[in-house]
> 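Handing you this structure, nothing more for now.
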Amino acid sequence: MELRSLEPLAECVWRHPPRGRMRVPVVFFGDRELLAAMDEKVLEQAANVATLPGIVGASYCMPDAHWGYGFPIGGVAAFDPDEGGVVSAGGVGFDISCGVRTLHTGLDEEALAPVRERLADALFRHIPAGVGVGGRIRLDDEAMEAMLRGGARWAVAEGWGEAADLARVEEGGCVAGADPDAVSARAKARQRPEMGTLGSGNHYLEVQRVGAIHDREAARAYGLEEGAVVVSLHCGSRGLGHQIGTDYLPRMARAAAGHGIALPDRELACAPIRSEVGAQYLGAMRAAINCALANRQILTHLVREVFADVLPAARITLLYDVSHNTCKEERHVVDGVERTLFVHRKGATRAFGPGSPGLPPEFAAVGQPVLIGGTMGTASWVLAGRPGPGEGAFQSACHGAGRRVSRRQASRRWQGRSLIEEMAARGILLRGRSLRGLAEEAPGAYKDVDAVVEAAERAGLARRVARLEPLICIKG
DNA sequence: ATGTTC
């Protein structure tokens, strides 16, 4: 991307002034190198978002941003319902409430070493993963509705976990306002065999070693020590979320036209928050959030079953669970005035700073854990939320490394078989169901996650707490 | 991301 149109605002914060029909500027977070490597299409898409009614502050792009459906992935945009603000399916993404959950194991790397191969094989056997791969649960209509309303709380009540888990899940494991009636029969049918499955693409389950600690106080609050073993899983609402996106896009395109909203790109289809379609989408999207939270809860139970068998000394507890594809109704102070806003985070992680309401009390002083997923060969990160620069990006940070090379290009450039060997040579046990899928996910297909989180920290979005290094990686 | 093209 050309940096000429950008004004430096602060370290790693850049502003593209409003032009044409843009109501607000675009604000980028990132260093010169990350922004220079960013596709021009990211600016084009973020500028399109800036034209939408009711947008507040700016159209934001995280350091890991790349182009997506309508809105950039790595984009944050907040809308005020009192000013005609909109909700957009493309602003949330198809994998609604995709997110990361990180689990403590209570073990250190020495305890893991003798059983690493066995653990990798057992996880790969026990965790359903891959396109169209079902799980062992089949929900009837009544259970489906209870799951969509209850999220991880439903899952725990059904025996998939422990009550204490819920305190460490965003929203306490269940978001309010879910409307199962706004979810199509087809979306529910697609989800029926997919509860408790990992999916494919960039979704994964990793066993990781806690590497360098960058912030001792926050690491203590989060229970992270160098050399400890943790498990992270990255997945979302599977077929249900995808079908909701598919179902609502044409409805939103009609709603936008009906409300006189001129769209610079049809992929920006949206509906006023205060409209029938807007309200229905929000109800369906919240049901999908609960589905994703329930899914990660069931997967946690499967992880516990594997550890009970292979490493019975393990005690699996939650560090945290946070989504990075959502639209959330939140209170934010803008120019000294507190307002209710609908914050779209698409490939961007909520990053509440110290003292924010809704955080577990033990995190109040250090801020929310911000879980950043890396790639199969590189680190993941735990960051801590900060108040943010100025109005910030409504308390948001990056979500991962961000794709650099398209799936198609990556599948030509890398080979799954060689990746397994290369990873093994570096002490990383990689297990995948599709060699092509592995090639598409080659570490080289992604940006440098260490550079992304450093830029996020320098921009003041979050601060680095701990680096997580992969030991075992399970992919779909 | 995705019963990888309704």
Side-chain angles (χ1 to χ4, degrees), chain A residues 45 64-75 88-101 128-135 137-139 144 183-205 233-251 253 267 269 284-285 287-289 291-293 295-296 299 323-327 344-349 373 375-376 399-412 416 432-442 445-446 474-476:
Chain A
Q45 291 192 321
D64 50 337
H66 53 114
W67 71 275
Y69 186 92
F71 288 54
I73 296 163
S88 169
V92 173
F94 280 79
D95 190 6
I96 298 169
S97 200
C98 184
V100 180
R101 173 180 288 214
V131 177
V133 174
I137 304 167
R138 292 292 182 278
L139 301 182
M144 178 69 68
V183 179
S184 69
R186 190 176 195 177
K188 291 170 184 164
R190 279 182 68 171
Q191 191 58 26
R192 214 169 290 283
E194 292 190 339
M195 287 311 293
T197 67
L198 194 59
S200 61
N202 65 3
H203 292 167
Y204 61 79
L205 183 145
L233 49 98
H234 176 219
C235 65
S237 54
R238 310 287 290 104
L240 182 118
H242 192 272
Q243 189 61 44
I244 290 170
T246 305
D247 290 339
Y248 277 88
L249 278 166
R251 296 186 62 192
E267 293 185 357
M285 183 210 60
I289 291 178
C291 176
L293 296 179
N295 196 36
R296 293 198 283 272
L299 289 167
S323 302
H324 47 235
N325 284 358
T326 58
C327 177
H344 295 68
R345 296 187 181 89
K346 180 186 189 183
T349 313
T375 74
M376 61 172 79
H399 85 305
R403 187 162 278 281
R404 193 174 64 82
V405 175
S406 74
R407 291 195 172 276
R408 177 179 276 271
Q409 283 180 322
S411 67
R412 289 185 187 143
R433 279 181 167 75
S434 146
L435 288 175
R436 186 196 161 100
L438 291 182
E440 290 180 354
E441 289 294 311
Y446 285 89
I474 307 294
K475 299 280 291 181

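All chains are named by letter (A, B, ...) in the order of the sequence lines, taking the proteins before the strands, and each is independently numbered beginning at 1. Only this structure's heavy atoms are used, side chains among them; waters, hydrogens and symmetry mates stay out.
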> Below 4.0 angstrom, N of the basic side chain to O of the carboxylate: do A/Glu440 and A/Arg408 qualify?
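Looking at A/Glu440 and A/Arg408, the cut-off is not met.
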> Answer yes or no: is there a side-chain heavy-atom contact under 4.5 Å between A/Val183 and A/Gln191?
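No, their side chains stay 4.5 Å or more apart.
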> With a 4.5 Å limit on heavy-atom distance, are the side chains of A/Ser434 and A/Val131 in contact?
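Result no, sub-4.5 Å side-chain heavy-atom pair not found.
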> Mind calculating the distance between OH (A/Tyr248) and P (B/dC6) to the nearest angstrom?
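Roughly 20 Å, once rounded to whole Å.
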> Just grab all the salt bridge (Lys or Arg N to Asp or Glu O under 4.0 Å) pairs involving residues 192-204 of chain A, residues at least two apart or on different chains.
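Those involving residues 192-204 of chain A are A/Asp141-A/Arg192, A/Glu194-A/Arg238.
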> Using heavy atoms and a sub-4.0 Å distance, could you list which residues of residues 89-96 of chain A are near DNA chain B? By number, please.
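Correct list: A/Phe94, A/Asp95.
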> Using a heavy-atom cut-off of 4.0 Å across all strands, would you classify A/Arg186 as base, sugar-phosphate, or nothing?
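It contacts base atoms.
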> Quick check on B/dT2: is either OP1 or OP2 less than 4.0 Å from any side-chain nitrogen or oxygen of A/Arg238?
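The answer is yes; a side-chain N or O of A/Arg238 sits under 4.0 Å from OP1 or OP2.
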> Start at the 5' end of DNA chain B and walk down; is the nucleotide closest to A/Gly132 or to A/Thr246 reached first?
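Here A/Gly132 is the residue nearer the 5' end.
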> Which is true for A/Glu194 with a 4.0 Å heavy-atom rule: it touches a base, it touches only sugar-phosphate, or it touches nothing?
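Counting heavy atoms under 4.0 Å across all strands, the contact made by A/Glu194 is with sugar-phosphate only.
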> Nearest whole angstrom, please: distance from the C1' of B/dT4 to the CG of A/Leu198.
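Computing the A/Leu198:CG to B/dT4:C1' distance gives 16 Å.
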> Tell me: NE2 of A/His203 to P of B/dT4, nearest whole Å?
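Rounding to the nearest Å, NE2 of A/His203 and P of B/dT4 are 16 Å apart.
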> Do A/Phe94 and A/Thr246 come close enough that some side-chain heavy atom pair is under 4.5 Å?
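They are in side-chain contact.
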> Using 30° and 60° as the class boundaries, would you call the ring planes of A/His234 and A/Tyr204 parallel, tilted or perpendicular?
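Tilted, since the angle between the ring planes falls between 30° and 60°.
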> Would you mind reading off the distance between A/His242 atom NE2 and B/dT4 atom P, rounded to a whole angstrom?
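Value for this atom pair: 9 Å.
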> Whole angstrom is fine here: how far is it from CG in A/Leu240 over to P in B/dT2?
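So the two atoms are 12 Å apart, to the nearest Å.
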> Distance check needed: B/dT5 C1' versus A/Gln243 CD, whole Å only.
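After rounding, the gap between these two atoms is 13 Å.
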> Check whether any side-chain heavy atom of A/Ile73 lies under 4.5 Å from a side-chain heavy atom of A/His399, and answer yes or no.
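SC-SC contact between A/Ile73 and A/His399 confirmed.
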> Can you tell me how far P of B/dT2 sits from NZ of A/Lys475, to the nearest Å?
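From A/Lys475 NZ to B/dT2 P: 10 Å.
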> Round to a whole Å and report the spacing from CZ of A/Arg433 to P of B/dT2.
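Going from A/Arg433 (CZ) to B/dT2 (P), I get 14 Å.
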